[in-house]
Amino acid sequence: MEGIRVENASYSYDNGYIAVDNVSLEIKKGENLAIIGQNGAGKTTLVKMFNGLLRPQKGKIYVDNEDVSNLTVAQISRKVGYVFQNPGEQIFNPTVYDEIAYTPRYFKLKEKEVAQKVQDAAELCNIIDYLKLNPYDLPFSLRKFVTIASVIAMGTEHIILDEPTAGQDLFGLEQQKKIIKELLKRGKTVITITHDMEFVAENFSRVIVMTDKKIVADKNKRAIFWDFEILKKSSIKQLYVSMLAKELAMKNNVISIDEFIHEVTKK
Amino acid sequence: MKALEVRNVTYKYPIARTNVLENISFSVNKGEFVAIVGKNGCGKTTLCNILRGFIPSFHQGKFAGTVLINEKNIKQMSMGEIAVAIGFVFQNPFIQVSGIKHSVFNEVAYGLENLGIDREEMIGRTEQILKDLKMNDLRDKHPVELSGGQRQRVALASVLVMDPDILIIDEPTSQLDPQSTEKVFEIIRLLKERNKTIILVEHKIDLISEYADRVILIDDKRIVFDDLTQKVLVNKKVLSYGVNLPQVAKLGIKFEEQTDFRLDYIPSVLTDAINVFKKYV
């Protein structure tokens, strides 16, 4: 199977803190899914194992059927791209252009091809106007798009976005929606960590919930947003429209504004 | 009494071609909780820096207009006086954490050290704030080992321990999960009950709708909305400025657009939504 397979993976940091405890899951190539859960639940640690930034002490990670423990980080990063939660940990080039061009150049592509990759990624992220600027002269919200563009330009088949929605305004969220759609159209796998439940409901169908180092649910978003046991256990807030439907004792488990209106008007 | 007043403020950054803010005027009463919203880059953080005197003191550029803190012109105040009157929580906790203290406890107490407060009181106030923010588990950790969310809470604690009357808080929850975010808003509510004046820059509109008294929306250098929260956050036009509306408000607006029903009013919070929708279910 092409995609990412995790078998009983555990990870603990040097100080002995266990961040991910015996987790298994399978993500097929081209899938679009969200990982949600509280700060410290293990979301970032889990996805950092997908691209070799962290190596599990127990268990195995397979990317496109290959055991990644046999690969270097440089080799895995040709398959799995990771957009850091904090852009400051990722950005190190003097201009936005150089930042996005870094990996294509590292892969020894011709400068013309590099330029095409940069152009494509920057267009998709709507940052064409900033290519000559220093990334640190951009506000945090735009810097996030620089890091997304850099990972898109790497051309990996699997892309992980770690909290892309944090600090974004409505236009930023719309842009991210477009990016995710386009990446899926190109056949990429998109794995998104986010705290924005409205964003989850609008953009994903499969949702993985992590709590206390483990996966506690892995199912369709509707099932998640109406599973009160899971919501409580993982301190996830139901969508407002769902809370309203619940308070009004409406029947079907609505998770969107359109569904709510449909329920009210169908009689 | 007015805690803050801004009169005809215009500002242009040194190398910028255009003003970032133009002819901004508003005032905030003591004890009021005002949320400042607007798309990224609209000048919210700039405005915060003006309110605490960093602009024009530390930034060049062209500044015009007047800022009053507790009815006193900020020009006549020293940085020290301003720092005591206004507590400021940075947007980026990675900037705020000092980097010279080796435990969260000492980091939080750091500001008090500079005020020359006696040791017993310093320890007492720091203990209290760590308790209020339920952060005792972090007290011995090294600040650089903290996650983004934890740093954000340390940054907030370091300011709250100073007990300023006016608080300017720039996106305090950007790194936080929903539960920790609600905790921060609960803390802000507590501060409001203690009659603190609060200016909050934030994107999480559902929470603003529940907690803030008033919303100021900035776009294209100017204030485009300045009114009670329940009046601003039900207006469809807000969306066109890159600012989200509470989900229940969007529901109300769409419901009226797509059906022949007219709601008593567009709700901005869940309890109002229950009231206006119950007759249709």
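Naming: A, B, ... by sequence-line order, numbering from 1 per chain.
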Q) In terms of heavy-atom proximity below 4.5 Å to chain A, should B:Gln258 be classed as side chain, backbone, both, or neither? A) side chain
Q.
Show the nearest heavy-atom pair for residues B:Val243 and A:Leu170, with the distance to one decimal.
A. O-CD2, 3.6 Å
Q) Taking the side chain as C-beta and beyond, is there a heavy-atom pair between B:Pro178 and A:Ile236 under 4.5 Å? A) no
Q: May I ask you to decide whether A:Asp258 forms a salt bridge with B:Lys254, counting only side-chain N to carboxylate O separations under 4.0 Å?
A: yes
Q: Please check if atom CD in A:Glu229 has more than 12 non-hydrogen atoms from other residues, nucleotides or ligands closer than 6.0 Å.
A: no
**Q.** Interface moiety of A:Gln168 toward chain B, non-hydrogen atoms closer than 4.5 Å
**A.** both
Q.
Quick check: closest heavy atoms across B:Glu171 and A:Gly167, and the distance to 0.1 Å?
A. OE1-CA, 3.7 Å
**Q.** Non-hydrogen atoms of A:Glu198 and B:Asp206 that approach each other most closely
**A.** OE1-OD2, 3.9 Å
Q | Pair B:Phe277 and A:Phe260, ring centroids less than 6.0 Å apart | A | yes
**Q.** Nearest heavy-atom neighbours spanning A:Tyr240 and B:Glu210
**A.** OH-OE2, 2.8 Å
(Q) Within the 4.5 Å heavy-atom criterion, are A:Leu142 and B:Asn40 side-chain neighbours or not? (A) no
Q: Working to the nearest 0.5 Å, report the span between CD of B:Glu182 and NZ of A:Lys237.
A: 3.5 Å
**Q.** chain A contact via B:Tyr241 - side chain, backbone, both or neither, heavy atoms under 4.5 Å
**A.** backbone
Q. Are B:Lys278 and A:Glu247 close enough for a salt bridge, meaning some N to O gap below 4.0 Å?
A. no
**Q.** B:Gln60 atom CD: more than 12 heavy-atom contacts under 6.0 Å
**A.** no
Q) What distance do A:Ile36 atom CD1 and B:Asp177 atom CG have between them, rounded to the nearest 0.5 Å? A) 11.0 Å
Q: Identify the heavy atoms of A:Leu248 and B:Val281 that sit nearest to each other, and give their distance.
A: O-CG1, 3.6 Å
(Q) For the CD1 atom of A:Ile257 and the CZ atom of B:Phe255, what is their distance to the nearest 0.5 Å? (A) 12.5 Å
Q: Kindly check if the number of other-residue, nucleotide or ligand heavy atoms within 6.0 Å of OH (A:Tyr102) is above 12?
A: no
(Q) Need one label for A:Leu239: side chain, backbone, both or neither, based on atoms under 4.5 Å from any heavy atom in chain B. (A) both
Q) Rounded to the nearest 0.5 Å, what separation is found between the OG atom of A:Ser235 and the NZ atom of B:Lys183? A) 8.0 Å
Q. OG1/B:Thr45 to CZ/A:Phe140 distance, rounded to the nearest 0.5 angstrom?
A. 12.0 Å
Q | Side chains of B:Val248 and A:Val241 in contact at under 4.5 Å (non-hydrogen atoms) | A | no
(Q) With a 4.5 angstrom heavy-atom cut-off, is it the side chain or the backbone of A:Gln38 that approaches chain B, or both, or neither? (A) both
(Q) At a heavy-atom distance under 4.5 Å, which candidate from A:Ser141, A:Ala245, A:Pro139 has the highest pair count against chain B? (A) A:Ser141
(Q) As an exercise, state the distance from CZ of A:Phe171 to CG of B:Asn244, rounded to the nearest 0.5 Å. (A) 11.0 Å
Q | Atom NZ of A:Lys177 with >12 non-hydrogen neighbours under 6.0 angstrom | A | yes
Q) Which bit of B:Glu202 is near chain A, if near means a heavy-atom gap under 4.5 Å: side chain, backbone, both or neither? A) neither
Q: Check each atom of B:Leu239 against the heavy atoms of chain A and say whether the ones under 4.5 Å are side chain, backbone, both or neither.
A: both
Q.
Counting only heavy atoms not in A:Asp14 (residues, nucleotides, ligands), do more than 12 fall under 6.0 Å from its CG?
A. no
Q. Crowded around A:Lys219 NZ? As in, over 12 foreign heavy atoms under 6.0 Å?
A. yes
